[in-house]
Amino acid sequence: MSSVLTIRGGVPLTGRVTVRGAKNLVPKAMVAALLGSEPSVLRNVPEIKDVEVVTSLLQLHGVTVVKDPVSGDLTLDPKDAKTASSTAIDAHAGDSRIPILLCGPLIHAIGEAFIPDLGGCKIGDRPIDYHLNVLRQFGAVVEKRPGGIHISAPNGLHGAKISLPYPSVGATEQVLLSATRAEGITELIGAATEPEIIDLIAVLQKMGAIISVQTDRTIRIEGVKDLRGYNHRALPDRNESASWASAALVTRGDIYVEGASQRDMMTFLNTYRKVGGGMDIGDDGIRFYHQGGKLSPLVLETDVHPGFMTDWQQPLVVALTQAEGVSIVHETVYENRFGFTEALARMGANIQVHRECLGSVPCRFGQRNFLHSAVISGPTPLRGTDIDIPDLRGGFSHLIAALAATGTSRVTGIDIINRGYERFTEKLAGLGADFDITTTK
Ligand SMILES: CC(=O)N[C@H]1[C@@H](OP(=O)(O)OP(=O)(O)OC[C@H]2O[C@@H](n3ccc(=O)[nH]c3=O)[C@H](O)[C@@H]2O)O[C@H](CO)[C@@H](O)[C@@H]1O
Ligand SMILES: C=C(OP(=O)(O)O)C(=O)O
């Protein structure tokens, strides 16, 4: 089934949306349930594709996953964990990036893991070399198999001293999920410390793990033999919250994002204020709005936490097309995250992408031919057009550009948006967006 959105732009998005648990935490907390000897309960679970994918993968491995019909809370019981057929697992090839995180928990639970080829957003090469090196350092044996990789650990997993070449979110989580039940102590140097990682550590601590995060990106894990279940409310999705904030600015609207958390979004909020966005920060959410005046351009660099999160970049770039003057955005996390600007240029935006590092600090991608810096001159009116959505955040950016544009846009490939935005068409309708959706088989 595929759906097409026909958007008639020019309506300011106004109203309230609710943001639930983070896409970048919930599926990983679900994977962590495999490490326990008892059922775990995960609350604030959004209805998004990545949750469906991980539910299916866990069920294939014998984990019982029960969803409360009223609250949506998940109870995950790993007591009957078992090996799954690689053909069944293979059906999930290309669906998401989470399967690689099953390695450690599956080895602890059943002694081996078959991991299908990964999916996720195509915003760079996205290798898994750090993950595989980490697993090998724990004593795992990694073999390439048709359609994926097989991992085993004939002598179990053992704590190790590990140093990451870059503070990768996924590789840090790989270490956490493998080390908590490994024998001995693990020291991880150069760890990522995103709020979703800290929330995963909170989950593991509830299960009985001993993990300390030090001031210098070092995480120390003292392996324990057994873990129990957890009961946890997932932290809210700061990336979805920031997307709605940009949507308010781009469409000259006013959106209260229930669930938006100031603590996890401080860097975004500073930037939003500098662009000229209005905000009222409440206890249970944040109101984001266009203040009526001009928006200001800015110079911005994406970075690992506590820097400006790369997933906030794409929707904000659309807002920068409406700022008075020249903005520069240097993407330092992914080498290929500006492909989405091609559609914005067709809509009338003035955006040039460059190979050079147009930022204060040269990044890993300088001199390597990657178009990873953007110069945006505004303000430029946007016109509706036909768009095929390329990736999750790029797609959301296209949607909000179409919602702000004059005329009609026809948007295909919208199913990708379901990977990270719960019920987004319902939310858009609630905010007053003018669109139709047609679904064909
Ligand atoms: C499901 C999930 O949580 N996704 C998030 C996670 O992705 P993910 O965990 O995949 O991102 P990483 O932090 O690992 O990637 C950061 C950089 O490290 C590189 N790298 C990573 C692993 C590896 O083995 N080798 C390697 O070279 C990547 O290509 C990228 O350039 O963190 C990203 C950075 O905050 C976010 O944009 C994603 O939304
Ligand atoms: C890049 C993203 O996600 P993933 O790592 O799941 O592809 C994202 O959420 O913007």
Side-chain angles (χ1 to χ4, degrees), residues 21-31 46 48-54 94-103 115 118-137 142 149 162-177 190-200 217 234-235 237-243 246 264 267-268 302-317 331-337 339-340 363-365 368 370 372 389-397 416-422:
K23 154 188 165 288
N24 288 355
L25 175 274
V26 168
K28 299 157 189 182
M30 292 171 69
V31 169
I48 54 172
K49 180 81 191 305
D50 278 26
V51 169
E52 279 173 31
V53 171
V54 177
D95 276 351
S96 127
R97 301 203 63 71
I98 308 299
I100 190 73
L101 296 177
L102 283 162
C103 293
I115 307 299
L118 300 189
C121 290
K122 293 176 182 52
I123 47 185
D125 200 23
R126 309 195 77 175
I128 52 168
D129 52 335
Y130 302 168
H131 292 259
L132 302 186
N133 287 341
V134 160
L135 288 161
R136 288 189 181 107
Q137 286 178 75
V142 181
I149 46 174
I162 294 169
S163 183
L164 290 179
Y166 181 80
S168 151
V169 169
T172 299
E173 293 163 340
Q174 184 71 261
V175 171
L176 290 168
L177 290 165
T193 59
E194 269 61 8
E196 294 79 13
I197 291 175
I198 304 302
D199 212 40
L200 181 62
R217 289 199 179 276
L235 90 169
D237 198 309
R238 66 196 172 111
N239 299 335
E240 182 180 354
S241 301
S243 295
S246 290
D264 301 332
T267 306
F268 178 83
T302 63
D303 209 342
V304 294
H305 187 76
F308 190 92
M309 169 73 169
T310 168
D311 299 356
W312 300 334
Q313 177 260 102
Q314 289 157 299
L316 192 78
V317 161
E331 169 61 60
T332 77
V333 181
Y334 294 111
E335 66 272 29
N336 191 15
R337 208 167 194 174
F340 77 108
C363 75
R364 296 170 294 150
F365 312 132
R368 289 181 54 207
F370 296 118
H372 72 293
I389 282 181
D391 63 75
L392 181 60
R393 311 290 165 197
F396 190 88
S397 309
I416 295 176
I417 307 279
N418 293 320
R419 276 195 58 230
Y421 296 90
E422 180 178 39

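We count ligands from 1, going down the list as the structure has it; atoms in each ligand are counted the same way. All residue numbers refer to positions in the sequence shown, counting from 1.
- Of the possible polar contacts, none joining the Arg393 side chain to the Trp312 backbone as a donor-acceptor pair under 3.5 Å is found.
- Closer than 4.0 angstrom to ligand 1 by heavy atom are Lys23, Asn24, Lys28, Arg97, Ile98, Arg126, Pro127, Ile128, Asp129, Tyr130, His131, Tyr166, Ser168, Val169, Gly170, Met309, Thr310, Asp311, Val333, Tyr334, Arg337, Arg364, sorted by chain and number.
- Distance alone, capped at 3.5 Å, places no donor-acceptor pair between the Asp311 side chain and the Asn239 backbone.
- The backbone N or O of His372 lies less than 3.5 Å from no partner atom in the side chain of Glu331, so there is not a single donor-acceptor pair.
- Using a heavy-atom distance under 4.0 Å as the criterion, the protein contacts of ligand 2 are Lys23, Arg97, Gly120, Cys121, Ile123, Arg126, Asp311, Arg337, Leu392, Arg393, Arg419.
- Relative ring orientation between Tyr421 and Phe396 is described as parallel, the plane-to-plane angle staying below 30° on a 0-90° scale split at 30° and 60°.
- Scanning both residues, Gly190 and Leu164, for their nearest heavy atoms gives O-CB, 3.7 Å.
- Side-chain N or O atoms of Arg126 include none that pairs as donor or acceptor with a backbone N or O of Lys122 at under 3.5 Å.
- Under a cutoff of 6.0 Å and an axis angle of 45°, Arg238 and Phe268 do not form a cation-pi pair.
- A salt bridge does not link Asp50 with Lys28: every distance from a Lys NZ or Arg NE/NH1/NH2 to an Asp or Glu carboxylate oxygen is 4.0 Å or more.
- No donor-acceptor distance shorter than 3.5 angstrom exists from the side chain of Gln174 to the backbone of Leu135, with no hydrogens or angles considered.
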